[in-house]
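A, B, ... follow the sequence lines: proteins, then strands. Residue 1 opens every chain.
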Amino acid sequence: MIISKILVVDDDRTMLRLYKLLLKGMGDYSVEFFINGKDVVENYRNHSEKPKVIIMDYRMPVMNGLDAMKEILEIDRNTKIIFASADTAMKEISISKGATAFLSKPFKIEELICLINKAIKE
Amino acid sequence: MCEILENNRDNILKLREIEKRYKLIYEYTSIPYQSLDENVEIVDVNQAWLDFFGYDKEEVIGKCFGEYLVLESRELLNSRFSYFKEIGEIQDVEYEIIKKDGIHRIIWLDGRIEYDENGNFTQAHCFFKDITERKSIENQLRSSKTFLSNVFTSIQDGISILDKDLNILRVNPIMELWYSHSMPMLGKKCYEVYHERNKPCEICPSLQALRSGQPAYEVVPKIGPKQKITGWLDLYSFPLLDEKGGQIIGVIEYVRDISERIKTEDRLRDSEIKYKYLFENAQVGLYWSRISDGKFIECNEIFAKLFGYETREELLEDYIATEHYVYPNQRNEMLDAIRKNKEVRDSEILVTKRDGTPIWLSISARMFEKENRIEGAVIDITKRKKAEQELKESEVRYKKAYDKADFYKDLLAHDVSNILNNINASIQLIELWKEGPEMSSNSGDMIEIIKQQLERGTSLVSNVRKHSEIEEGDKLVKSVDVINVINESIENVLSRFQYREIEINIEKANEIPNVKGGDLLIDAIENILINGALHNESDMIRISVNVSEVYNNAEKCVKLEFKDNGIGIIDNRKKAIFERSYKKDKSTGGMGIGLSLVKTIINSYDGQVKVHNRVMGDHTKGSIFVVLLKQW
């Protein structure tokens with residue numbers, strides 16, 4: 001069985017906790033969590049096994065989600081990134097910068113699962 | 001016989017005596033003398049002759065007198081000598097001679113022929129006088145006369161010579177031209193010709209000159225045909241004296257046509273009147289000032305009133321521009337601009353009035369460097385500047401209000417959405433797991449998350465309200481026991497973070513004085529503690545609070561240091577963490593509005609707050625928040 005690697009980036013630790021509970025029950029996912037953009041970029045750069053999908057928040061300390069996505073796509077422009085933010089204004093911007101999909105907080109769990117599965121299958 | 005011989009001998013002696021006397025006379029007279037034979041050759045000359053010509057006697061005896069004449073004179077001599085011999089005498093015949101040294105002179109020659117008893121020519125006796133100087137003077141006089149005549153004729157002003165009875169003796173062509181309608185003029189009375197009157201004018205300067213012997217002057221009308229005034233004349237009358245210079249024999253009138261000058265003066269006067277009217281009635285301030293010291297030389301009444309003076313005279317006496325610039329550099333900057341561009345337009349300066357009231361002026365000016373003068377026009381733009389300032393302030397208020405609305409919108413869109421998202425996700429998971437085994441193991445976590453998020457929301461609402469209260473100035477500054485406030489805050493935070501292991505210690509000197517604070521100080525301290533707990537990944541959250549007395553800028557203060565073992569704050573975010581407000585970059589989230597509220601509250605009590613690394617150079621080891629509060 002192939003285990004898909006998922007990276008989740010959000011500075012809200014409660015949200016990270018919820019992502020963890022949610023994705024734990026969703027199937028064969030290996031999930032890693034980060035609290036800012038800089039850390040996820042470093043992880044992406046330093047590991048040969050690339051994630052199937054990255055769930056990216058926008059507002060974060062040190063490095064925001066948009067800058068982190070830009071650096072990751074510069075390494076591999078085929079990386080699937082689901083942008084998840086309460087800032088609906090970021091939808092258009094993130095898609096234009098290369099995000100696979102935009103998830104507006106608060107979101108439905110089914111919607112998240114659907115976007116993850118779609119991204120992995122592609 | 002003896003008697004006859006004796007008589008002859010006496011006669012001969014007398015004759016010899018006479019001859020000797022004559023010889024002496026001609027020999028020693030100062031008048032040059034020469035005797036010529038019938039061939040015009042020199043028989044004898046006296047010493048005066050030799051002195052005059054510069055020769056010795058031996059050099060000239062026997063020479064033809066013509067050799068000492070210029071060619072024309074020689075020809076004249078040759079042609080006239082026969083006539084001279086025939087009639088026996090000549091007078092004042094003019095010859096031009098050449099002296100030994102080559103100098104030419106003019107002489108007048110007088111001569112008488114000596115005949116023998118039979119009437120035959122024996123000698124020509126001639127005297128001459130040097131008339132060179134006289135001829136020169138005559139020539140000069142002739143030239144002067146011609147010159148004066150030419151001047152009289154060619155001068156382009158009128159000249160009229162009158163006798164004592166005001167009869168016209170002579171006029172120059174200009175007078176003939178001006179008064180052609182009254183020709184002929186000579187012999188007529190001047191007042192008849194020039195003024196068509198039958199008696200002298202009351203103001204006649206010529207009569208004055210005749211009476212007083214002194215020059216006189218008047219401006220008189222220029223009368224044309226039918227007594228029509230065609231212009232104006234400057235009339236200068238000079239007494240004309242006789243040759244001896246004693247008696248007044250007439251008057252010289254020197255007449256200058258000043259019609260054009262009078263017209264020009266009239267136009268200039270009209271122009272001056274109009275300019276003065278414009279200057280005095282212009283609706284802008286007009287002025288001249290000196291470049292060197294800014295002293296006003298001239299201005300209109302409007303200008304004086306701009307500066308609070310009743311009259312221009314008061315301003316010109318009292319006001320010196322250089323002393324009234326609010327920004328002294330403005331004058332030099334304006335002078336530089338004028339020098340560079342030859343003028344300035346609508347340059348705005350701030351000066352003070354007589355009483356010190358500031359006034360904004362718009363100046364357009366030009367410089368006349370050689371005359372040390374600036375001339376300019378000014379308009380009072382104080383109202384406009386005030387309106388502009390009010391507009392700017394209004395824009396600032398509007399921007400502030402806009403930013404404030406944007407800030408609260410952002411709070412709703414981000415912070416509140418995140419809280420709702422967390423609650424929403426928790427509920428969805430509960431619903432998802434309600435029939436499964438996950439429910440029993442995770443329900444506690446879910447309920448805890450929901451509670452925590454509700455508390456977070458409550459805290460957010462509370463902070464927003466407090467933000468608003470402070471901005472509206474609705475706060476009371478009073479003496480506060482800061483230790484009590486810290487202890488109360490610690491209790492509240494421990495209560496809120498029951499789900500985490502947390503330890504908060506307080507260290508302090510024995511006696512800590514009260515500080516300048518208020519009811520919101522507890523919120524500021526709570527927010528610092530909450531921040532240290534929220535952004536902390538350690539298993540055991542450790543926060544220590546150190547309280548001490550310090551001096552800050554010679555003022556007694558109480559210093560609060562909050563050290564935590566949290567994730568720390570990178571250097572380039574340290575300045576921004578207190579600034580989550582209306583202008584903050586929204587891309588760097590993570591801190592909520594808590595720290596912004598901290599700064600707002602502490603500053604409202606005249607305190608200060610800052611943050612630095614707990615371990616110098618390594619932000620990952622946690623932060624130290626320092627709060628300085630003034631002692632009460």
Side-chain angles (χ1 to χ4, degrees), chain A residues 8-27 33-39 42 55-70 83-91 93-94 97 102-114 116, chain B residues 409-433 436-439 441-443 445-446 448-453 455-456 499-500 533-537 567-573 576-577 580 584-592 619-620:
Chain A
V8 180
V9 200
D10 201 308
D11 68 327
D12 187 331
R13 289 164 195 281
T14 307
M15 192 66 230
L16 287 182
R17 202 167 154 199
L18 287 165
Y19 275 125
K20 193 174 181 179
L21 291 169
L22 175 66
L23 295 173
K24 192 170 71 176
M26 293 309 300
F33 300 93
F34 304 88
I35 58 166
N36 64 60
K38 191 181 174 194
D39 289 350
E42 279 178 9
I55 300 167
M56 182 83 80
D57 186 22
Y58 170 53
R59 291 195 194 185
M60 292 180 290
V62 187
M63 181 185 281
N64 68 45
L66 216 55
D67 292 341
M69 180 172 75
K70 182 172 175 274
F83 225 82
S85 173
D87 292 345
T88 50
M90 289 310 299
K91 180 175 181 179
I93 297 169
S94 61
K97 300 281 182 187
F102 182 83
L103 192 60
S104 177
K105 292 177 180 175
F107 53 79
K108 289 183 178 176
I109 290 173
E110 293 85 354
E111 198 179 356
L112 173 66
I113 301 298
C114 178
I116 290 171
Chain B
K409 189 179 87 176
D410 183 58
L411 273 182
L412 279 173
H414 183 263
D415 297 49
V416 174
S417 289
N418 276 342
I419 291 166
L420 292 176
N421 184 60
N422 292 343
I423 295 170
N424 179 51
S426 302
I427 292 170
Q428 285 184 71
L429 282 172
I430 290 170
E431 285 177 349
L432 201 65
W433 294 332
E438 297 93 339
M439 187 63 189
S441 58
N442 293 319
S443 61
D445 280 351
M446 295 298 103
E448 184 194 314
I449 287 173
I450 291 168
K451 278 183 181 173
Q452 187 192 349
Q453 293 307 304
E455 191 177 309
R456 188 176 161 192
Y499 57 93
R500 296 284 306 268
L534 272 177
H535 303 284
N536 199 313
E537 294 175 344
I567 59 173
I569 301 162
I570 60 169
D571 291 339
N572 61 8
R573 287 200 71 229
I577 59 167
R580 178 164 181 190
K584 194 194 157 223
D585 173 14
K586 291 171 185 164
S587 70
T588 55
M591 292 294 184
H619 76 273
T620 63

Give the minimum heavy-atom separation between [X] and [Y], together with the two atoms involved.
X: Asn424(B); Y: Phe107(A); value: ND2-O, 3.0 Å
X: Ser417(B); Y: Ala86(A); value: CB-CB, 3.3 Å
X: Ala425(B); Y: Leu18(A); value: CB-CD1, 3.9 Å
X: Ile109(A); Y: Gln428(B); value: N-OE1, 2.7 Å

Open item on the list: Given heavy-atom pairs under 4.5 angstrom as the criterion, report whether the side chain, backbone, both or neither of Leu112(A) touches chain B.
Closed with: neither
Open item on the list: My understanding is that only residues two or more places apart in sequence, or in another chain, count here; which of them pass salt bridge (Lys or Arg N to Asp or Glu O under 4.0 Å) with Lys24(A)?
Closed with: none
- [ ] May I ask you to test the Met15(A)-Asn418(B) pair for a side-chain heavy-atom distance under 4.5 Å?
- [x] no
- [ ] Measure the spacing between CG of Leu21(A) and CD1 of Ile449(B) and express it to the nearest 0.5 Å.
- [x] 6.0 Å
Task: Asn422(B) versus chain A, the contacting section by heavy-atom distance below 4.5 Å - done: both
Task: Contacting region of Glu448(B) [heavy-atom separation from chain A under 4.5 Å] - done: side chain
Open item on the list: Check this for me: does any side-chain nitrogen of one of Arg456(B) and Asp12(A) sit under 4.0 Å from a carboxylate oxygen of the other?
Closed with: yes
